[in-house]
Amino acid sequence: VAMACEAGQLQLNAFGPVVTFALLGSLKYLTAASRTLREHCIAGIEPDRARLEQQVQSFVGVITSFTPYIGYEAAAELAQEALATRRPIEELLAGSGLMDPADVRTLLDPRRLAGEDESDPPLAGEHARAPAPRE
């Protein structure tokens, strides 16, 4: 495709049919590859929900979702502790007393973390999100 485009003359590219032929051929191969992937690799896959839940709880990067509530410094300290001790963020937050355990579970909801639920969750504890500072 690149060579056919280079060989053409400005607006009057006589190699337009070659470009079209090459692109359509590539799309045919891509369609066949996608179908094969779906039929032989993706169809029938079932998630291991317990393992996924464990991975969500042990992912240290999730601490960034707590920075508006506990502050950057406390979040950084908890992240370092989680890495050093391999304890889940939920356990460390609950043990630290920085947040209500119910609020921690609310903020760790996988649907919320994945961006499916973009609304601010109602929090029960005293660490509800403070209003944004006025500029």
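These figures come from a predicted structure and were not determined experimentally.
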Any heavy-atom pair between the side chains of Leu98 and Val104 that's under 4.5 Å?
no
Value for OG1 (Thr67) from CD (Glu73), rounded to nearest 0.5 Å, stands at 12.0 Å
dist Asp100:CG -> Tyr69:OH (nearest 0.5 Å) comes out at 13.0 Å
Students should find that the hydrophobic cluster of Leu37, defined by side-chain heavy atoms under 4.5 Å apart, otherwise consists of Ile42
For Glu77, the side-chain contact (heavy atoms from CB on, under 4.5 Å) test, sequence neighbours excluded, returns none
Smallest heavy-atom separation, Met99 atom then Asp103 atom, equals CE-CB, 3.9 Å
Hydrophobic cluster membership, with links at side-chain heavy-atom distances under 4.5 Å among I/L/V/M/F/W/Y: are Leu92 and Phe59 in one? yes
When every non-hydrogen atom of Ala75 is compared with those of Ile63, the smallest separation belongs to O-CG1, 3.5 Å
Residues 32-44 vs salt bridge (charged side-chain N to carboxylate O under 4.0 Å, His left out), sequence neighbours excluded, gives none
dist Thr85:OG1 -> Leu78:CG (nearest 0.5 Å) comes out at 9.5 Å
To the nearest 0.5 Å, atom CG of Leu108 lies from atom CD of Glu90 at 5.5 Å
Anything under 3.5 Å between a donor and an acceptor, one on a side chain of residues 16-34, the other on a protein residue two or more places apart or in another chain? List them.
{"residue": "Thr20", "atom": "OG1", "partner": "Gly16", "partner atom": "O", "Å": "3.0"}
{"residue": "Ser26", "atom": "OG", "partner": "Ala22", "partner atom": "O", "Å": "3.1"}
{"residue": "Thr31", "atom": "OG1", "partner": "Leu27", "partner atom": "O", "Å": "2.8"}
{"residue": "Ser34", "atom": "OG", "partner": "Leu30", "partner atom": "O", "Å": "3.0"}

Membership question, hydrophobic clusters at under 4.5 Å side-chain separation (ILVMFWY): are Leu107 and Val60 in the same one? no
Applying side-chain hydrogen bond (donor to acceptor under 3.5 Å, both in side chains) to Arg87 and not counting sequence neighbours gives Glu91
Hits for side-chain hydrogen bond (donor to acceptor under 3.5 Å, both in side chains) against Arg49, two or more places apart or cross-chain, chain-then-number order -> none
